[in-house]
Peer 1: 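If you scroll down you'll find the structure; I have some questions about it.
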Amino acid sequence: MKENRKHNVILIGYMGSGKTSVGECLSKRLTYHFRDTDQLLERKAGDTINHIFATRGEEYFRNLETELLMELNDNLEHTVLSTGGGLPLREQNASLLRKMGYVVFLKASKQTIIKRINRDTTRPLLRGGDINQKVESMLAVRTPIYERTAHKIIATDDKSVDEIALLIMEAYLKQISK
Ligand code: S3P
């Protein structure tokens with residue numbers, strides 16, 4: 001396999017793109033472990049993401065993400081890793097992810113995302129303001145970054161969790177058998 005990648009699948013994408021539900025489903029199908037960077041980070045910090053943002057700010061949270069990723073880099077095998085939506089935005093994180101496994105971007109339209117995250121209170125970056133505008137401008141910045149970080153892009157609109165997991169599995173198994 002190229003880039004000396006390990007046997008892991010890494011899911012990236014915007015908030016509400018289905019990384020956690022698809023990741024759980026995929027890990028069962030592959031009989032891999034499942035990990036989620038948001039959950040690991042909250043456990044490591046002993047605090048919620050909301051509270052970390054509110055008391056320490058985004059930069060502090062981003063530093064925790066990078067720290068966590070560097071720790072995971074040495075220890076991840078046969079794992080499906082779901083990542084926080086902003087994690088690949090740092091170039092250092094993006095290149096680490098590509099070394100850690102097969103990176104899949106779950107691409108969802110603005111409409112799908114808004115349907116899923118509407119009234120969400122657990123994501124600090126979505127608080128206040130016009131959600132439509134917010135998602136649109138964040139997607140404009142993030143989409144090219146997700147696209148160039150990923151080994152594979154999966155369009156997820158109108159697909160079930162199981163269908164998406166199967167598509168990833170097919171692509172991943174083909175890749176590791178090369
Ligand atoms: C963030 C996404 C969240 C979480 C934090 C910041 C982002 O994770 O890491 O609220 O910048 O997109 P999910 O993508 O799992 O919601």
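As the structure lists them, so they are numbered: ligands from 1, and atoms in each ligand from 1. All values derive from a computational prediction rather than experimental measurement. No hydrogens, no waters, no symmetry mates; every other heavy atom, side chains included, goes into these values. Numbers here simply count residues along the sequence, with the first being 1.
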Peer 1: Students should be able to answer this: which protein heavy-atom is nearest to atom 10 (O) of ligand 1, and at what distance?
Peer 2: Pro124 CD, 3.6 Å

Peer 1: Which of the atoms of ligand 1 are close to Ile49, meaning less than 4.0 Å from one of its heavy atoms?
Peer 2: 5 (C), 10 (O)

Peer 1: Are Ile154 and Ile145 linked, directly or through intermediate hydrophobic residues, by side-chain heavy-atom contacts shorter than 4.5 Å (ILVMFWY only)?
Peer 2: no

Peer 1: Output yes when the distance from some N or O of ligand 1 to some N or O of Gly85 is under 3.5 Å, and no in every other case.
Peer 2: yes

Peer 1: Give me the nearest non-hydrogen protein atom to atom 11 (O) of ligand 1 as residue plus atom name, then the distance to 0.1 Å.
Peer 2: Arg62 NH2, 2.6 Å

Peer 1: Is there a donor-acceptor contact under 3.5 Å linking the side chains of Ser82 and Arg35?
Peer 2: no

Peer 1: Decide whether an N or O pair under 3.5 Å exists between Thr122 and ligand 1.
Peer 2: no

Peer 1: Do Leu68 and Ile49 belong together in a cluster built from hydrophobic side chains that touch within less than 4.5 Å?
Peer 2: yes

Peer 1: Checking contacts here: is it the side chain or the backbone of Arg142 that comes within 4.0 Å of ligand 1, counting heavy atoms only? Could be both or neither.
Peer 2: side chain

Peer 1: Are any non-hydrogen side-chain atoms of Gln92 and Met70 less than 4.5 angstrom apart?
Peer 2: yes

Peer 1: What's the shortest distance from atom 9 (O) of ligand 1 to any protein heavy atom, and which residue and atom give it?
Peer 2: Asp38 OD1, 2.7 Å

Peer 1: Would you check whether Gly16 has a nitrogen or oxygen atom less than 3.5 angstrom from a nitrogen or oxygen atom of ligand 1?
Peer 2: no

Peer 1: Can you name the side chain to side chain donor-acceptor pair (under 3.5 Å) partners of Glu67, sequence neighbours left out?
Peer 2: Lys44

Peer 1: Would you check if the side chain of Thr37 reaches a backbone N or O of Gly84 as a donor-acceptor pair within less than 3.5 Å?
Peer 2: yes

Peer 1: May I ask you to list the atoms of ligand 1 that are less than 4.0 angstrom from any heavy atom of Lys19?
Peer 2: 13 (P), 14 (O), 15 (O)

Peer 1: List ligand 1 atoms under 4.0 Å from Leu125, heavy atoms only on the residue side.
Peer 2: 7 (C), 11 (O)

Peer 1: Could you tell me whether the side chain of His151 and the main chain of Val103 form a donor-acceptor pair under 3.5 Å?
Peer 2: yes

Peer 1: What is the closest protein heavy atom to atom 7 (C) of ligand 1, and at what distance does it sit?
Peer 2: Gly86 N, 3.3 Å

Peer 1: For Asp158, does the CG atom sit with more than 12 other heavy atoms under 6.0 Å from it, leaving out its own atoms?
Peer 2: no

Peer 1: Of the protein's non-hydrogen atoms, which lies at the shortest distance from atom 16 (O) of ligand 1, and what is that distance?
Peer 2: Arg123 NE, 2.6 Å

Peer 1: With sequence neighbours excluded, give me every side chain to side chain donor-acceptor pair (under 3.5 Å) pair touching residues 131-140.
Peer 2: Lys110-Glu136

Peer 1: Is it the case that more than 12 heavy atoms not belonging to Arg116 sit under 6.0 Å from its CZ atom?
Peer 2: yes

Peer 1: Should Thr83 be counted as touching ligand 1, given the test is an N or O pair under 3.5 Å?
Peer 2: no

Peer 1: Any N or O on Tyr14 sitting closer than 3.5 Å to an N or O of ligand 1?
Peer 2: no

Peer 1: Only heavy atoms of Phe61, strictly under 4.0 Å: list the atoms of ligand 1 that pass.
Peer 2: 9 (O)

